[in-house]
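The structure appears below as structure tokens.
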Amino acid sequence: MDKKYLYQLDIREWIENGLDAQIMVPVSGKRIEKGYDVYLQSFLLPMDEVENDMENDAYNASSMTPGITVYGSWEDDEKVYYRWGNDKDFEPLVIKREYNGVATDSVEIAEEFRLLFNLYFNSQKNEYIDVSDGEGITVVKMNDNGYVTIHKRYLKTYLAVKEKVLMIHIDSRCTTIDNSERINEDGLSYRNDENTVFYTLNIGNTSTGIKRENYSFIYAKNVILGCSLCDCNVWPYNEEKTYVDFVIGIDDNGKEIRHTCDPSKLSNFFGANPTAPHYLTPVYFDKAVLNKYYSKPEIYKVEDSIIRCGVLWSLYIDNSNTDYVSVYLGDLGRDLPSESEQHYWRGFNKSIGGKLSDAKIKRDFMCIAADSESPDFVFKRTYTRVNQIYNDKLGWPLYLPLTEQDSYNFETLRVPVNNSIAEMDILVLSLVKILIDSLNEKGILGQLTRNYEKLVGSISKVEAWLNEKNIENREKHIKFLRNLQELRSSGTGHRKGKGYQKIAKILDVKNENYGETFSSLLKDSTEFLEFMEANIEKLV
């Protein structure tokens, strides 16, 4: 007989270390453990009840369901309703809903916990997530066995504001004990100095007729304490915001000049901190800083001059330049929501001789409305405008609206920021989907007067429309559309071979500068849209 297994050394070590030694604290359900059947259940109780509850190893909580308790005789009784079915102020954190086989049982997390942290439930992953920082932190995980773990920081915060502790009861049993020989009975108990961990181990055997079974089981308790209120990061105990230093220039010796982005330590137009850098000092970043935001269009929107994270936060930027992004030093401190977000930007900070774009200067210092001249934003503005003009003039849009699943193609369309072939391929796919695949073929066919039996594809239909109306210079734009489609087919839809090399040469794909190449494609795409706008009267 394996004595280490029989005495459950692994489980005892896990219990003695405290269940909150892990980031995700197990609080309920069956734990999958080879050779052991481990089950946990827990409840909240006031601090002054801990000592009494730790006197024994039993689970001392009732079912904790709402109900009425009757005190006294039935004729002369007192009926009291308790929210959680007890008068000791015990309450659940994990709630098990059982429907006696009529419906599927379920596990829920106490509503107060979910609402305190405004948690979002991801039904696909069966997790509760804190999305307050935009990125999302998994707070509660629940697996198919009903095993529930909770992020330690949130659990301890909840206990702090509730002024309670979490009592976790652990039942662990060996499941693969050899019953061929009778084992000697034994037992032991453990209690730590703080009286927050207590367990008993019992080893023995039972007999039913001629059937004999050996056993080894642990009953344990682990008290999880909350943090101090001052550390709970719930208003009014929120953590004081910290600020990162950014490179804002180079001194006479060639060394980087750094300064905090704390707005209260910067100068302004009202005389504050006269010797400090100005709030509006431009800070420059590699354009790859935008990758994080482009890669999650369901959370972030990168628009002309601004990044938005839902309605949670936004940051004004200057993203009209080809090689870099700039942000005012004070805006970095005021608008980025956390120190971690500031550190992310700090990783892309560059000391360069950059300058603000003309559009940024006009908007911020001259109070003049100005559009960005970056090819991606010019294309998007033109695309939206032309589509609306066609809808107003012909009663149907030139381009069908993108589905919710495809909308990211338009939102993330940009001048490449990584100068990589992988990014180039993805952007070409998006551009073709927007500019060619989304053409309103039904509307275009309705404008044709001749019979075209073998007319296949949106480009051919546009070409037939332009030919019927005898629109000048149409060949140039149709050729561009076909070349763009061929670039997608030979470069992204299939293995890159001779066909790709040929079309890459025609479109002047520069292997060393994909940003310049895609900018050229965007400009040609914009010219096609402007061509369709200029000829709308002739196309009616």
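Small disclaimer: the values here were computed from a predicted structure and weren't measured.
- Ser420 approaches Tyr514 most closely through the heavy-atom pair C-CD1, 3.6 Å.
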Task: side-chain contact (heavy atoms from CB on, under 4.5 Å) between Asp335 and Ser314, worked out - done: CA-CA 6 Å; Asp335 297 332; Ser314 60; 5.9 Å; no

Task: Intermediate values then yes/no, ring pair (Phe, Tyr, Trp, His ring centres under 6.0 Å), Phe113 and Phe117 - done: CA-CA 7 Å; Phe113 182 88; Phe117 302 112; 5.2 Å; yes

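- The neighbour count for Lys362 NZ, taken as heavy atoms of other residues, nucleotides or ligands under 6.0 Å away, does not exceed 12.
- For Ile23, the CD1 atom sits in a loose shell: 12 or fewer heavy atoms of surrounding residues, nucleotides or ligands are nearer than 6.0 Å.
- With sequence neighbours left out, Pro26 forms a side-chain contact (heavy atoms from CB on, under 4.5 Å) with Trp14, Leu19, Gln22, Leu40, Tyr147, Thr149.
- Here CD of Glu163 is found 11.0 Å from CG of Asp48. Values are rounded to the nearest 0.5 Å.
- Using a 4.5 Å heavy-atom cutoff, the side chains of Leu521 and Leu487 are in contact.
- Expressed to the nearest 0.5 Å, how far CG of Leu507 lies from CZ of Phe518 amounts to 11.5 Å.
- In this structure, Arg114 contributes its side chain and Phe121 its backbone to no donor-acceptor pair below 3.5 Å.
- Interatomic distance, OG1 of Thr382 versus CE of Met532, reported as 14.0 Å (0.5 Å rounding).
- In this structure a side-chain-to-backbone donor-acceptor pair under 3.5 Å is present from Tyr399 to Leu435.
- Applying the 6.0 Å contact sphere to CG of Asp144 captures no more than 12 heavy atoms from other residues, nucleotides or ligands.
- A salt bridge between Glu49 and Lys88 is absent, with no side-chain N of the basic residue lying under 4.0 Å from a carboxylate O of the acidic one.
- In plain terms, the two heavy atoms of Val27 and Ser42 that are nearest each other are O-OG, 2.9 Å.
- With sequence neighbours left out, the salt bridge (charged side-chain N to carboxylate O under 4.0 Å, His left out) criterion links Lys125 to no other residue.
- The 12-atom threshold is not exceeded at NZ of Lys265, counting heavy atoms of other residues, nucleotides or ligands nearer than 6.0 Å.
- At least one donor-acceptor pair closer than 3.5 Å links the side chain of Tyr284 to the backbone N or O of Gly354.
- Under a 4.0 Å N-O distance rule, the pair Arg258/Glu256 qualifies as a salt bridge.
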Task: Worked verdict on Ile306 versus Arg308 for side-chain contact (heavy atoms from CB on, under 4.5 Å) - done: CA-CA 6 Å; Ile306 193 170; Arg308 304 180 193 275; 3.7 Å; yes

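- The 12-atom threshold is exceeded at NZ of Lys350, counting heavy atoms of other residues, nucleotides or ligands nearer than 6.0 Å.
- The shortest distance between side-chain heavy atoms of Arg381 and Thr526 does not fall below 4.5 Å.
- Other residues, nucleotides and ligands place more than 12 heavy atoms under 6.0 Å from the NZ atom of Lys241.
- Within the 4.5 Å cutoff, side-chain heavy atoms of Leu522 are placed close to those of Leu413.
- Remark: Asp304 does not engage Lys380 in a salt bridge, criterion side-chain N to carboxylate O under 4.0 Å.
- With Asn321 contributing its side chain and Asp323 its backbone, the two residues share no donor-acceptor pair below 3.5 Å.
- Side-chain contact between Met142 and Ile109 is present, with at least one heavy-atom pair separated by less than 4.5 Å.
- Using a 30° and 60° split on the angle between ring planes, Tyr293 and Trp313 fall in the perpendicular class, above 60°.
- The OG atom of Ser374 sits 12.0 Å away from the CZ atom of Arg414 when rounded to the nearest 0.5 Å.
- For Lys164 and Asp89, the salt-bridge test passes: some basic side-chain N is under 4.0 Å from an acidic carboxylate O.
- With contacts defined as side-chain heavy-atom distances shorter than 4.5 Å, the pair Pro337/Leu312 does not qualify.
- Looking at Asp245, its side chain does come within 3.5 Å of a backbone N or O of Thr260 through a donor-acceptor pair.
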Under 3.5 Å, sequence neighbours excluded: what are the donor-acceptor pairs made by side chains of residues 269-279?
residue : atom : partner : partner atom : Å
Asn273  : ND2  : Ser264  : O            : 2.9
Asn273  : ND2  : Leu266  : O            : 2.9
His278  : ND1  : Leu280  : N            : 3.0
Tyr279  : OH   : Asp331  : OD1          : 2.7
Tyr279  : OH   : Arg334  : NE           : 3.4

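- Under the salt bridge (charged side-chain N to carboxylate O under 4.0 Å, His left out) criterion, Asp130 pairs with no residue, sequence neighbours left out.
- A donor-acceptor pair is defined here as one N or O able to donate and one able to accept, closer than 3.5 Å; no such pair exists between the side chain of Glu108 and the backbone of Arg97.
- Taken from OG in Ser525 to NE2 in His477, the straight-line distance is 11.0 Å, to the nearest 0.5 Å.
- Residue pairs meeting the salt bridge (charged side-chain N to carboxylate O under 4.0 Å, His left out) criterion with at least one partner in residues 284-295, sequence neighbours excluded, are Lys292-Glu341.
- Panel note: side chain Asn17, backbone Glu13; a donor-acceptor pair is recorded below 3.5 Å.
- When the shell of 6.0 Å around CD of Glu404 is examined, it contains 12 or fewer heavy atoms from other residues, nucleotides or ligands.
- The pair Lys255-Asp251 does not count as a salt bridge, with every side-chain nitrogen at least 4.0 angstrom from each carboxylate oxygen.
- Scanning both residues, Asn418 and Ala288, for their nearest heavy atoms gives OD1-CB, 3.9 Å.
- Between Asp53 and Phe43 there is a side-chain heavy-atom pair separated by less than 4.5 Å.
- Expressed to the nearest 0.5 Å, how far OH of Tyr294 lies from CD1 of Ile307 amounts to 8.5 Å.
- Residue pairs that meet the ring pair (Phe, Tyr, Trp, His ring centres under 6.0 Å) test with at least one member in residues 359-381, sequence neighbours left out, are Phe379-Tyr383.
- Closest non-hydrogen pair, Val161 versus Cys232, comes out as CG1-SG, 4.2 Å.
- Counting heavy atoms from C-beta outward, Val38 and Ile170 have side chains that approach closer than 4.5 Å.
- Scanning both residues, Gly146 and Val107, for their nearest heavy atoms gives CA-CG2, 4.3 Å.
- With a 6.0 Å radius and a threshold of 12 heavy atoms from other residues, nucleotides or ligands, Glu194 has its CD atom above the threshold.
- Looking only at side-chain heavy atoms (C-beta outward), Glu373 and Asp358 stay at 4.5 Å or farther from each other.
- Side chain of Asp262 to main chain of Tyr243: no donor-acceptor pair is present (N/O by atom type, distance under 3.5 Å, no hydrogens or angles).
- A donor-acceptor contact closer than 3.5 angstrom links the side chains of Tyr328 and Asp364.
- Among the candidates Tyr344, Trp345, Phe348, the single residue satisfying the ring-ring contact (aromatic ring centres under 6.0 Å, His included) test with Phe285 is Trp345.
- Taking every heavy atom of both residues into account, Leu159 and Gly226 meet most closely at CB-CA, 3.6 Å.
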TODO: Before giving the answer on side-chain contact (heavy atoms from CB on, under 4.5 Å), spell out for Arg346 and Val247 the whole-Å C-alpha distance, their side-chain angles and the decisive distance to 0.1 Å.
DONE: CA-CA 8 Å; Arg346 179 65 181 84; Val247 177; 3.6 Å; yes

